[in-house]
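Keep in mind that the numbers below use all heavy atoms, side chains included, and drop hydrogens, waters and symmetry copies.
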Amino acid sequence: MQKVLVISGPTATGKSDLARYLAKELNGEIISGDSIQVYRGLDIGSAKETEAEQAEVPHHLIDILDPQQRYSVKDFQLQSRRLIAEISARGRLPIIAGGTGLYIRACLYDYVFEEEEGEDDPCPALSNQELYQRLQELDPRALEKIHPNNRKRLLRAYNVCQKSGMPFSANDKAKGEPLYDALIIGLTMEREELYARIDRRVEAMAAAGLREEIAGLLQQGVDFSCQSMQGIGYKEYKEYFSGEKSEEECLQLIKSHTHHFVKRQYTWFRHQLNVSWHEPQEREKIRQEVETWLKN
RNA sequence: GGUUCUGUAGCUCAGUUGGUAGAGCACGGCACUGAAAAUGCCGGUGUCGCCAGUUCAAUUCUGGCCGGAACCA
């Protein structure tokens with residue numbers, strides 16, 4: 001099996017720095033595993049590495065889309081797998097670095113995404129309850145995994161049933177088998193310390209011109225309904241630009257949303273990925289673990 | 001110094017006509033196959049300022065003490 005090194009963990013733990021270091025030390029190339037950094041122009045709020053940092057070692061799947069474009073886990077799966085093959089063929093080590101847990105899992109494991117046409121219908125006329133009732137007939141098995149309040153999942157299941165004529169749960173063919181020999185390094189630290197780091201980073205983003213970055217995007221015709229603008233650090237500014245909130249309030253919300261996000265990331269990593277956890281300062285120990293894994 | 005108000009969760013506060021308490025925020029946990037930085041779900045936070053009195057029973061009533069606020073001097 002091809003070897004893939006993964007550097008993951010919650011936001012603001014120093015994944016990019018570690019990945020860059022290991023890429024240089026171990027002849028690697030970095031594949032970003034991040035759902036927001038794919039977008040050009042979303043630099044400050046997505047904590048993208050600087051151009052100089054990116055130039056130190058090959059990076060992939062950063063700045064590949066305009067902010068108006070859509071992107072999905074299926075796109076990532078296809079592109080990341082192709083890149084893994086290419087990088088390996090060059091005799092180099094593919095390193096996925098990022099915190100989008102679903103993307104990483106969909107790349108590494110045998111997730112299957114069928115061909116689909118068109119976008120899902122948001123079914124504005126159907127209430128959650130009605131969707132739930134229809135799914136009870138169409139695909140009761142899918143409902144075992146979907147809470148009745150979770151409109152997005154209900155819609156997704158309903159749309160797949162409509163489009164394909166097959167139950168949504170039939171899509172769930174994966175056996176949970178890994179496709180690669182992957183070592184997943186997770187960066188972690190005390191929660192309190194991480195939250196303090198995040199709060200400082202948000203202030204630093206503001207000082208670096210987050211507001212101006214968003215204003216520029218809006219001027220280019222990007223608006224807050226775009227998928228790219230659903231990211232933390234961007235969506236909160238909607239109410240600033242509509243005059244409903246002060247910038248201070250927006251920054252507070254960004255901090256709070258990032259804290260919540262960290263909790264969800266931990267839940268995913270703990271249960272969906274087999275992570276070897278380390279503190280960011282344990283670089284040499286991590287490097288040794290990676291080198292040992294590379295030899296086997 | 002006097003008068004009035006006030007002290008309940010980490011914070012802001014609600015409440016108990018006496019049977020040891022609840023909201024929001026914060027915090028913790030969980031789910032997850034096409035928006036995932038998304039979308040949902042669950043959870044408890046506690047010497048009810050301290051000491052005494054009345055009472056079967058006090059966070060609730062009474063008294064004292066301590067802390068805070070406002071006004072008066």
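Map A/His259 and A/Arg201 each onto its nearest nucleotide of RNA chain B; the residue landing nearer the 5' end is A/His259.
Residue A/Ser46 is classed as a base contact, given a heavy-atom separation below 4.0 Å to a base. Among the atoms of the strands shown, none is found under 4.0 Å from any heavy atom of A/Tyr266. Base engagement by A/Thr267 is indicated by at least one non-hydrogen atom pair under 4.0 Å involving a base atom.
Here, B/C48 and B/A58 have their C1' atoms 11 Å apart, quoted to the whole Å. Atom P of B/C61 sits at a distance of 23 Å from the matching atom of B/G67, rounded to the whole Å.
B/A38: no Watson-Crick or G-U partner with both key distances under 3.5 Å is found in any strand. Searching all strands for a Watson-Crick or G-U wobble partner of B/C71 with both distances below 3.5 Å returns B/G2.
Electrostatic pairing of A/Lys163 and A/Asp120 counts as a salt bridge here, judged by a charged N lying under 4.0 Å from a carboxylate O. Under 4.0 Å is where a charged nitrogen must lie from a carboxylate oxygen, and between A/Lys74 and A/Glu116 no such pair does. Salt bridge annotation for A/Lys3-A/Asp181: present, with a cationic side-chain nitrogen under 4.0 angstrom from a carboxylate oxygen.
A distance-only check finds no donor-acceptor pair linking the side chain of A/Arg211 to the backbone of A/Ala206 [under 3.5 Å].
On a pure distance criterion of 3.5 Å, no polar donor-acceptor pair joins the side chain of A/Lys152 and the base of B/G40. Judged by distance alone, with hydrogens and angles left aside, A/Arg153 brings a side-chain donor or acceptor within reach of the base of B/A38, the pair sitting under 3.5 Å. Judged by atom type and distance alone, A/Asn150 does not reach the base of B/A31 through any side-chain donor-acceptor pair under 3.5 Å.
Across the protein-nucleic acid pair, A/His257 atom NE2 and B/C25 atom P stand 11 Å apart, rounded to whole Å. Note: NZ (A/Lys235) to P (B/A35) measures 15 Å, nearest angstrom.
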